[in-house]
Amino acid sequence: MFYKNARIFCSDFQFHTGAFEVKDGKFGAILPQEVPADAIDLQGATVIPGLIDVHVHGNSNADFSDGDYEGLKKMAAYFAANGITSFAPASMTLPYEVLEKAFANAKRLADEAPEGHARLMGIQMEGPYFSMKKKGAQNGDYLKNPDFEGFKKLYDSCGGLIRIVDVAPELPGAAAFVEKASKLCTVSVAHTDSDYDHAKEAFSRGATHLTHLYNAMPPIHHRDPGVIPAAAENASVRAEIICDGLHIHPASVRLAFAIFGGERMILVSDALRCCGMPDGEYELGGQKVYLSGGIAKLSSGTIAGAAANLYECLQNAILFGINETDAVRAATYNPACTLGVQDKVGSIATGKLADFIICRSDYTGRRVFIGGKEI
C-alpha cells in the first residue's frame, strides 16, 4: 500500500513531502519516483514514526511493578491508542523477587506481541542502586549499593530484556558496576547526589544516559558543577527529560536542548498508573500518590511522577519552542538508540517496522499504525 502527498519525517531527521510504501508490516519505498494511481492521498498530513517511551511506569490504573500481566497488556493498549508504539516500562525500587516477577511479565508481553498493543522493546531498571538523599518517590527501605551479581541474575532471568539500568555513581562499588553492566545494556546515572568527579568517572567507565534530567540530582552550580555538566561534556551521553509542563519549566527544557542538542535529548513521560485517570489517590512502589490538577505527589509533597503521556509531552515540547524536528527525533529515533533497537523502529526507513502516526501539522487529529495496521 502506498500513501502519497504526505509531509514525512524521514531518516535524515527532516520533513520531506512525498509518498511512502507499507508492505508486509514494514516500510517499503520512501519518497519513490513513481507512485501507483491507487495510492492513498493524505492531503498534506504530517507523518512521523511511532513514539518510543523508555521511561514510563504505568497508566490506566496499572503499574509495571505490580507484576500483573493483564495490567501490563492494558498499559500497552493505552500506549498504542495514544501514539506510543514502543515502550520500555520502568520498574521501581523494590525487592529483587518482586522485580523478577514484573520482568517475567515483560518478557512474556515482548514474546507474545499481541496485535493492537505497543511493542515492549526493553525494560528500564530504575533502582534500587540510588542515593537516599535523592531517592525522590523511590522507597528508601529497598535501596541498595550497586550489586552486579544481583543485577545479572535479573538480566538473565528475563532473557536480557533490561536495556537500561540506573545507578547513583557516588555509591560504593558504582564505578565497577558501571564498567561491567555497560557491556550488557545502557547504564544511566539517576537519583544521585554525585559531585562532578564521580559522575565524570561513571561516564568514562561506560554510562551513556541520564535519567529524567534535572529531577533527583543536584542543580548546576558554577563552583560545584555536579552531574549535568559532566554528562553534557561527554558526547556519548543522552539525557531524558520529562516534558509534562509541570516537572520542568519550559525555559529549562529549552536550555536542555541547547546544551545537549537535539541528537542527544530523549523525551520521556515518567507516567504513573494515574496517567489517563481522574484526580484521586493511587499507589507507587508501596507508597500513596495523590493526583491533583495533573501532578502526582507523595503525602510529603514530593513530586512522584507524571500523569501525561509521551504524545502530550511531544506536543508540549513543540509548544515550548523546541524545534519540531528535534522534538520528534527526541521521541522516536534517540530513544530507539538507547534501547539498541534503532534497526527495527524509531524512523521511517525501508525495511523497518511500519509503526507511524498520521496527524495534522499541529499534532492533533492523530491516527496510529503499528506494523502498517491502524489501531
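Keep in mind that the numbers below use all heavy atoms, side chains included, and drop hydrogens, waters and symmetry copies.
- Under a hydrophobic clustering in which Ile, Leu, Val, Met, Phe, Trp and Tyr are joined whenever their side-chain heavy atoms come within less than 4.5 Å, directly or via other members, V345 and L310 fall into different clusters.
- At a threshold of 4.0 Å, the pair K288-E283 does not count as salt-bridged, since none of the basic side-chain nitrogens sits closer than that to a carboxylate oxygen.
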* Asked: Going through the distances and angles, do R7 and T17 end up as a side chain to side chain donor-acceptor pair (under 3.5 Å)?
  -> CA-CA 4 Å; R7 178 176 173 261; T17 299; over 6 Å; no

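- In terms of heavy atoms, T325 sits closest to F9 at O-CZ, 3.7 Å.
- Checked by atom type, the side-chain pair Y282/D63 shows no donor-acceptor distance below 3.5 Å.
- Between the S252 side chain and the I248 main chain, no donor and acceptor come within less than 3.5 Å of each other.
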* Worked verdict on D41 versus Y3 for side chain to side chain donor-acceptor pair (under 3.5 Å) -> CA-CA 6 Å; D41 190 345; Y3 297 84; over 6 Å; no

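- In terms of heavy atoms, C313 sits closest to S269 at SG-CA, 4.1 Å.
- When only modelled atom types and interatomic distance are considered, E240 and Y214 share no side-chain donor-acceptor pair under 3.5 Å.
- The environment of NZ in K200 is sparse: at most 12 heavy-atom neighbours from other residues, nucleotides or ligands sit within 6.0 Å.
- Annotation: cation-pi geometry satisfied between R108 and Y69 (NZ/CZ under 6.0 angstrom from ring centroid, within 45° of ring axis).
- Of the possible donor and acceptor atoms, one in the side chain of Q315 sits under 3.5 Å from a partner among the backbone N and O of Y363.
- D166 and H191 share no donor-acceptor pair across their side chains, judged by distance under 3.5 Å alone.
- A single hydrophobic cluster is seen to contain both L154 and V165, as judged by linkage of ILVMFWY side chains at heavy-atom distances under 4.5 Å, directly or through other members.
- Ion pair E149/K153 not flagged as a salt bridge, since none of the NZ, NE, NH1 or NH2 atoms sits closer than 4.0 Å to an Asp/Glu carboxylate oxygen.
- A distance-only check finds a donor-acceptor pair linking the side chain of K352 to the backbone of Q342 [under 3.5 Å].
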* Chi angles and distances behind the salt bridge (charged side-chain N to carboxylate O under 4.0 Å, His left out) call for R273, D66 -> CA-CA 10 Å; R273 68 169 73 246; D66 292 343; 2.6 Å; yes

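- A donor and an acceptor atom, one from each side chain of T192 and E170, are located under 3.5 Å apart.
- Looking only at distances, a side-chain donor or acceptor of E312 sits under 3.5 Å from a matching main-chain atom of N309.
- With 3.5 Å as the limit, one finds a donor-acceptor pair spanning the side chains of E126 and H212.
- In this model, a donor atom of one side chain and an acceptor atom of the other lie less than 3.5 Å apart for Q124 and T211.
- Tracing side-chain contacts under 4.5 Å through hydrophobic residues (I, L, V, M, F, W, Y), one never reaches F356 starting from I52; they form parts of separate clusters.
- Relative to the ring axis of Y142, K135 does not place its NZ or CZ within 45° and under 6.0 Å from the centre.
- Screening K344, K26, R119, K373 for a salt bridge (charged side-chain N to carboxylate O under 4.0 Å, His left out) with D355, the sole residue that qualifies is R119.
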